[in-house]
Amino acid sequence: MKKIMLVFGTRPEAIKMCPLVKELKNRKDFNTVVCVTGQHKQMLQQILEAFDVVPEYNLTIMKDKQTLFDVTINILERIKQVLEFEKPDIVLVHGDTSTTFVTALACFYLNIKVGHVEAGLRTNNIYSPFPEEFNRQGVGIIAQLNFAPTEWAKQNLLKENKNPESIFVTGNTVIDSLKTTIKKDYKNEYLNWANGSRLVLLTSHRRENLGQPMRNMFKAIRRVVEEFKDVKVIYPIHLNPAVRQIAHEVFDGEDRIKLIEPLDVLDFHNFMARSYLILTDSGGIQEEAPSLGVPVLVMRDTTERPEGVEAGTLKLVGTDEENVYREFKNLLINKEEYAKISKTSNPYGDGNACKRIADVLEEYFSKEEVN
Ligand code: UD1
Ligand code: UDP
C-alpha cells in the first residue's frame, strides 16, 4: 500500500486540501497521512473542524508576527523527523505558501517525491506576490507530479520545460470545497444587519500590501461608504496584528463598516454568495467568486489568476487610493458595467478536481509497480 502524506499549514491550503484528504482516505490503495505545519493556528483549526479532518501531525510552528525566517527555519527543522519516520511514497503540497516551499525543500533533501497541487500559477515577478511567486516556482523545480488547475497553468509549466507527462489539468480543488458549503437556506445575524443594503465583503492580508498600500485601499473604501448610504461593508479581519492595526485606524467610527473575526469557511462562502461586490487582495477568493457570479475588485498590481479576469468577474484595480475609489464607486453607479461583470462562469473547474488527482496518483503508482 502506498503512503501519501499531505502537508499544509494555512487557511487557504486547508480549504483546498481537506476535500483531497477525504477523497484519498476513501481510496483503499492508499495509506493517507496528514501533517499540518501550524503556520496558521486559529484560522487553520477553523477549517479542519469545518471539514472534520484530524491531522496525524501538527508541527505547531506559529508565532505572533512571525517573519519568513521564523516560518522557514521552524518548518524545516521540525518536518525532518516526521518525514524520516513516516517515509511517505509521495508528499502532496499545495500552492505557494512558505509551508509549501519549505516542505518541498525538505522532501528534496530527503529524496522524497513531491506532488504539487495548484501548480503552474505565475506572475513571473518573484516580488509580486511576495514571497508566493518564488515559492511556487521553487516547488515547480522540485515536484515530480504537477496538478495544474487550468490549461493556462499547464502552459506556464510547459514554457518552463517541465516534463509534459508530469502535468495533469484537474481543475482547482477550491471548487470541490465550494460545492459542499453553499446553502440555500443559510442565515446569519451579520447578514440580517446588512439586510436592505448592498453588501460589500472585504478581505485583505497580502504581505506586500502591509503599510501604506493597505492604508490607501482602506481610505478609498471608507470614502465611498460615506458617500453611498445604501452600502454596508463586512470585513472579517485576518488575525495578522499588522493588518488589524491599519483596519482599526482607518475604519473605526464608521458604523456601516463592520469589522468582525475571521469567518468559518461555510459562513464566508455563504456571505460571498449573498454579496453585491467583493473587494480583496486574496488569491482563493478570486477563484471562488466567478462560479458564484459575484464581481471582485482585486486590490493588487498583478494576478496569477487571469482566467477570472478574462471571464469578466475580476478586475485588477491596484492599491492606489484614487483608483480604488473610482473603480468601487463605478460598480455602485454604473449598472451596465455591474451587469457585465456579475456573470457566472467556471474557469477553475467543475468540482471534481480531487477525484482527478486521486485517479492520477492511482495510475502513477500502478505504473511504478509494473516497472
Ligand atoms: C500566509 C501566506 C500567504 C497566504 C496567507 C493566507 C506565507 C509567507 N504567507 O500569509 O501566502 O496567502 O497565509 O491567509 O506563507 N495569525 C494568527 N493566527 C492565525 C493566523 C495568523 O494569529 O491563525 C497571525 C500571527 O501573528 C502570524 C501572522 O498572522 O505571525 C502572519 O501569519 P503568516 O502565515 O506569516 O502570514 P499570512 O499573511 O497569514
Ligand atoms: N475565507 C474564510 N473566512 C474568512 C475569509 C476568507 O474562510 O473570514 C476563505 C475564502 O473563502 C478563501 C480563503 O479563505 O477560500 C482565502 O484565504 P486567504 O485570503 O487567507 O488566502 P489566499 O487565498 O490569499 O492565499
Side-chain angles (χ1 to χ4, degrees), residues 8-19 36-51 60-72 74-75 93-103 118 121 128-136 138-139 172-178 181-182 188 190 201-210 214 234-245 259-273 275 278-289 291-292 294 296 298-300 303-305 348:
F8 49 93
T10 67
R11 169 171 68 189
E13 291 166 80
I15 292 173
K16 294 164 167 180
M17 289 291 254
C18 282
V36 295
T37 61
Q39 177 176 337
H40 283 175
K41 192 175 172 184
Q42 306 88 328
M43 284 163 56
L44 174 69
Q45 196 52 37
Q46 262 185 330
I47 309 302
L48 293 172
E49 280 169 21
F51 286 96
T60 60
I61 65 127
M62 199 194 88
K63 287 209 279 192
D64 210 23
K65 298 188 183 167
Q66 62 204 4
T67 65
L68 296 176
F69 290 86
D70 296 324
V71 176
T72 304
N74 289 322
I75 295 174
V93 293
H94 182 279
D96 53 23
T97 69
S98 292
T99 284
T100 314
F101 171 68
V102 178
T103 301
E118 200 180 274
L121 276 63
S128 177
F130 173 87
E132 290 83 359
E133 176 70 12
F134 169 81
N135 287 342
R136 58 190 167 227
V139 179
N172 196 309
T173 59
V174 79
I175 307 299
D176 300 30
S177 274
L178 200 59
T181 50
I182 301 289
N188 184 288
Y190 292 121
L201 196 56
L202 168 64
T203 82
S204 176
H205 70 83
R206 293 246 84 78
R207 250 184 170 80
E208 69 272 19
N209 284 346
L210 293 176
M214 198 170 277
I234 295 181
Y235 178 10
I237 325 181
H238 191 288
L239 290 178
N240 187 342
V243 175
R244 299 197 142 213
Q245 191 202 328
L259 307 185
I260 63 172
E261 292 304 309
L263 289 165
D264 278 349
V265 62
L266 190 137
D267 295 311
F268 192 79
H269 284 171
N270 282 285
F271 276 43
M272 283 181 77
S275 294
I278 298 170
L279 303 172
T280 192
D281 61 9
S282 156
I285 292 169
Q286 294 177 53
E287 294 153 349
E288 295 160 345
S291 72
L292 298 171
V294 183
V296 179
V298 182
M299 298 180 295
R300 294 171 50 178
T303 182
E304 56 292 275
R305 292 161 169 98
Y348 299 108

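Order of appearance sets the numbers: ligands from 1, and atoms from 1 within every ligand.
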Participant: Write down the atom of F130, the atom of E208, and the distance for their closest heavy-atom approach.
Facilitator: N-OE1, 3.4 Å
Participant: How far apart are the closest heavy atoms of H40 and R11, and which atoms are they?
Facilitator: ND1-N, 3.1 Å
Participant: First locate atom CZ of F271, then atom CD1 of I278, and finally report the distance between them rounded to the nearest 0.5 Å.
Facilitator: 12.0 Å
Participant: Protein residues near ligand 1, heavy-atom distance below 4.0 Å?
Facilitator: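 Close residues (ligand 1, cut-off 4.0 Å): T10, P12, Q39, H40, K41, Q42, M43, M62, K63, D64, K65, Q66, L68, T97, S98, P131, E132, H205, R206, R207, H238, L239, N240, P241.
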Participant: Judged by modelled atom types alone, do T99 and T37 share a side-chain donor-acceptor pair under 3.5 Å?
Facilitator: yes
Participant: Using a 4.0 angstrom limit on heavy atoms, which residues are close to ligand 2?
Facilitator: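 The answer is R11, P12, I15, H205, R206, P236, P262, L263, V265, F268, H269, S282, G283, G284, I285, E288, counting any residue whose heavy atom sits under 4.0 Å from ligand 2.
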Participant: First locate atom CD of E287, then atom NZ of K16, and finally report the distance between them rounded to the nearest 0.5 Å.
Facilitator: 3.5 Å
Participant: Quick check: do Q42 and E261 have side-chain heavy atoms less than 4.5 Å from each other?
Facilitator: no
Participant: Looking at T181 and N270, what are the two nearest heavy atoms and their distance?
Facilitator: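 Scanning both residues completely, I find the closest heavy atoms to be O-ND2, 2.9 Å.
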Participant: For a quick check under 3.5 Å, do Q286 and T303 share a side-chain donor-acceptor pair by atom type?
Facilitator: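 Side-chain D/A pair, Q286 to T303: present.
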Participant: Quick check: closest heavy atoms across V174 and E288, and the distance to 0.1 Å?
Facilitator: CG2-OE2, 3.3 Å
